[in-house]
Amino acid sequence: MTGSARAAQAAVPSVDRVIRLAALRPLIEVHGRAVVTTAARAALAELRQALADEGEAALDEAGDDAVVARIADHVAAMVAPTLAPVFNLTGTVLHTNLGRAPLPIEAIEAVAAVAKGASNLEFDLKTGRRGDRDDHLESWLCRLTGAEAATVVNNNAAAVLLTLNSLALRKEVPLSRGELIEIGGAFRMPDIMKRAGCKLIEVGTTNRTHLADYAGAICARTALVMKVHTSNYAVEGFTAAVEVPELARLADEKGLALVVDLGSGMLVPLERYGLPHEPTAGEILAQGADIVTFSGDKLLGGPQAGIIAGRADLIARIRRNPMKRAMRVDKMTIAALAAVLRLYADPERLAERLPALRLLARPVEDIEAVASRLRPVLAGPLAEIAAVEIVSCQSQIGSGALPVDRLPSVALSIRPAAAKRGAGAVLRRLTQAFRALPVPVIGRVQDGALILDLRCLEDEATFVDQIGLLAPGEAGKA
Ligand SMILES: *Cc1c(COP(=O)(O)O)cnc(C)c1O
């Protein structure tokens, strides 16, 4: 340390003195003494480092005002929630990393209502006796799927695990090699089978599986027959798969249950809203499946949950599994899911009221209009560094629903000026500047441009209000 640095160190105030500064009182009132003290320690350590590095040159930083400002910055960083809303302009509507389905207001209000205090979660108000938390959902699920019974767990991965563990423990489960899926986040069918305590019997080949393959695999050790929706890929070309009706007949003949993991799963035909067909839970049960499992927050458009619906005797066995207790949903999930299921009772207005479906079915002219309004808003501030153009693009449904179908959409393409050297660096800074906004904007980088797919942009006012903060000067520095 230089003499100047040593002298400068003496200028660092103590935490005790700083914490008594009048200017810190408002911060302490809002955030509490503990938070502000922790922030003060961090701020003073930083200051000490600056003085050691820069000597007297950093002395300005040791004044009370500068110290208070530094502490305020630390407090702000400490108390900012790490989980916060973003604009999902990636073009993937049900984006797993961005929280999947946006909830309808009805669900949000229902969550708030039960979150506040006590509720009849497991209490029968008519008899005054203990109730079952499934009661709030089961009749709706049965009505909407045609199932005899239904139960709900934390997510579809849990639904599959619990179903297999309840119905096939220490027994064999034949599954087509073409359906040995891996969903993101280490959900792999062979591993799930192992953890569920059952033995996977692979049948058929990657591209072709026939009924005889299943028939040949069924023996005394077989617990059930399983079919899994290949939700995030498609096998194309010379292919064959056994559809549910045929497989159900075989399972029935052998006295076995057919379990179908639908992945996304839907409750109403999507064609009705101009979207590609996705098998509905009701359709698959009607075709002879004994149990279907599907997610609450994929196409269904609700909260994270796993729904298990089908034959009453099988659902009863699943409910009795002690593991069910470890996977049960909380009151907020139940409130949200029940509110979403109620919206399904009126399919005519569903596309208006259910945000996930509204975004998926959004007319392309609508998205085009958003693009026309927003292009000048972005083009102005970014004029020096990038060209902003309206381009057509393709959105995806996401979350492994209809993996090969694309929805025509419209995007703003933000492309760093071509002639400029270091266009790649400019692009990186731009995407980072968008991510640093109060409500971060997440797009996708494609062919040297930042693409903002506007399908999922509904709150234009908030988007526009923060564009002034983009600091294009910063973004432009290559
Ligand atoms: C998404 C998916 C799962 C896992 O569902 P989560 O709700 O994410 O747990 C399981 N199986 C299939 C076929 C899926 O598509």
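Along the sequence shown, the residues carry numbers beginning at 1. Counting starts at 1 for both ligands and their atoms, in listed order.
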Going by atom types only, do T239 and N207 share a side-chain donor-acceptor pair under 3.5 Å?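 Side chains of T239 and N207: no pair found under 3.5 Å.
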Output all residues satisfying side-chain contact (heavy atoms from CB on, under 4.5 Å) with T462, sequence neighbours left out; order by chain, then residue number.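 With neighbours one apart ignored, the set is F87, V439, D459.
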side-chain contact (heavy atoms from CB on, under 4.5 Å) partners for P85, two or more places apart: none
Under 4.0 Å to a heavy atom of [X] - the qualifying atoms of ligand 1, by number:
{"X": "R100", "answer": "6 (P), 7 (O), 8 (O)"}
{"X": "F187", "answer": "10 (C), 11 (N)"}
{"X": "A157", "answer": "4 (C), 5 (O), 6 (P), 9 (O)"}
{"X": "H229", "answer": "13 (C)"}
{"X": "I181", "answer": "12 (C), 13 (C)"}

Ligand 1 versus M189, non-hydrogen atoms closer than 4.0 Å: side chain, backbone, both, neither?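 Neither part.
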K298 contact mode with ligand 1 (heavy-atom cut-off under 4.0 Å): side chain
If the test is salt bridge (charged side-chain N to carboxylate O under 4.0 Å, His left out), which one of R317, R311, K227 qualifies with D290? R311
Looking at ligand 1, does any of its N/O atoms fall within less than 3.5 Å of an N/O of S295? yes
I'd like to know if E106 and R342 make a salt bridge, using a cut-off of under 4.0 Å between side-chain N and carboxylate O.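 Answer for the salt bridge query: no.
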Hey, does the side chain of N156 reach the backbone of A159 with a donor-acceptor pair shorter than 3.5 angstrom?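 No: the side chain of N156 does not pair with the backbone of A159.
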side-chain contact (heavy atoms from CB on, under 4.5 Å) between L180 and L200, intermediate numbers included: CA-CA 10 Å; L180 290 176; L200 166 67; 3.7 Å; yes
On a heavy-atom basis, I'd like to know which of T293, I307, V160, N156 is closest to atom 10 (C) of ligand 1.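 Result: the heavy atom closest to atom 10 (C) of ligand 1 is in N156.
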